[in-house]
Amino acid sequence: VQLQASGGGLVQAGGSRRLSCAASGRTFSNYVMGWFRQAPGKEREFVAAIKYNGDTYHADSVKGRFTISRDNAKNSVYLQMNSLKPEDTGVYYCTADARAPIGTTWYIGASQYNYWGKGTLVTVSS
């Protein structure tokens, strides 16, 4: 099972960036998938998640600026990032788990996800 994130790079504050994550090794259409990020010297933090049915949940820090989406036919998940701020700088990780959150619950802890990609660095300059 592999998750490969891409799309990171250097972007100016106020700009946009789209991250992609391609999953391989099995079909992820029933998995919950998400994005986390880790800034230098800080712990990994939840960014957004999406269930198999398309329901989404975003951290308050990115709500209204970032949008998570998925394409089950392509086994892929995306993160559209708009109005980027310097504090959005970090390594962004794609993640997935086979256990579907029940009802309105969401997995927002890193330990709740089994599968992780290597991450892609996003640097937002001021």
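What you see is a predicted model; the values in this text were computed from it and never measured.
In this structure the side chain of Lys51 reaches within 4.5 angstrom of the side chain of Pro101, judged on heavy atoms. Residues Val32 and Tyr52 are not in side-chain contact: their nearest non-hydrogen atoms beyond the backbone lie 4.5 Å or more apart. A 4.5 Å side-chain heavy-atom check between Ser125 and Val11 finds every atom pair outside the cut-off. Under the 4.5 Å side-chain criterion, counting only non-hydrogen atoms from C-beta, Arg65 is in contact with Lys85. A heavy-atom distance below 4.5 Å is found between the side chains of Leu3 and Met33. The shortest distance between side-chain heavy atoms of Phe66 and Gln80 does not fall below 4.5 Å.
Between the Asp71 side chain and the Ser76 main chain, no donor and acceptor come within less than 3.5 Å of each other. No donor-acceptor pair under 3.5 Å is formed between the side chain of Asn72 and the backbone N or O of Asn30. Here the side chain of Arg18 pairs no donor or acceptor atom with the backbone of Met81 at under 3.5 angstrom. Using modelled atom types, one side-chain atom of Thr120 and one backbone atom of Gly8 make a donor-acceptor pair closer than 3.5 Å. When atom types are taken as modelled, the side chain of Thr95 and the backbone of Trp35 share no donor-acceptor pair closer than 3.5 angstrom.
Heavy-atom neighbours of Gln2 CD from other residues, nucleotides or ligands within 6.0 Å: at or below the threshold of 12. Counting heavy-atom neighbours within 6.0 Å of Lys63 NZ, excluding the residue itself, gives a total above 12.
Below 30°, between 30° and 60°, or above 60°: for Phe28 and Tyr31 the angle between ring planes is between 30° and 60°, a tilted geometry.
Separation of atoms CG (Asp97) and OG (Ser111) is listed at 10.0 Å; rounding is to 0.5 Å. To the nearest 0.5 Å, atoms CG (Asn75) and OG (Ser24) are separated by 8.0 Å.
Salt bridge annotation for Arg37-Asp88: present, with a cationic side-chain nitrogen under 4.0 angstrom from a carboxylate oxygen.
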Just distance, no hydrogens or angles: give the donor-acceptor pairs under 3.5 Å from side chains in residues 103-110, sequence neighbours left out.
| from | atom 1 | to | atom 2 | distance (Å) |
| --- | --- | --- | --- | --- |
| Thr105 | OG1 | Ile102 | N | 3.1 |
| Thr105 | OG1 | Ile102 | O | 2.6 |
| Tyr107 | OH | Arg99 | O | 3.0 |

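Follow the hydrophobic side-chain contacts under 4.5 Å out from Leu84 and you reach Leu19 in the same cluster. Residues Trp116 and Tyr92 are members of separate hydrophobic clusters, defined by side-chain heavy-atom contacts under 4.5 angstrom among Ile, Leu, Val, Met, Phe, Trp and Tyr.
Aromatic pair Phe46/Phe36: ring centres closer than 6.0 Å.
At a cut-off of 3.5 Å, with distance as the only test, a side-chain donor of Ser16 or Asn82 sits close to an acceptor on the other residue.
Between Leu79 and the choices Val62, Ile50, Ile68, the side chain to side chain contact (heavy atoms under 4.5 Å, CB included) rule is met once, by Ile68.
Taking both residues in full, the closest heavy atoms of Arg17 and Gly9 are given as NH2-CA, 3.7 Å, listed atom of the first, atom of the second, then distance.
The disulfide bond (SG atoms under 2.5 Å apart) contacts involving residues 17-126 comprise Cys21-Cys94, where partners must be two or more places apart or lie in separate chains.
Judged by the 6.0 Å distance and 45° axis criteria, Arg70 is not positioned over the aromatic ring of Tyr78.
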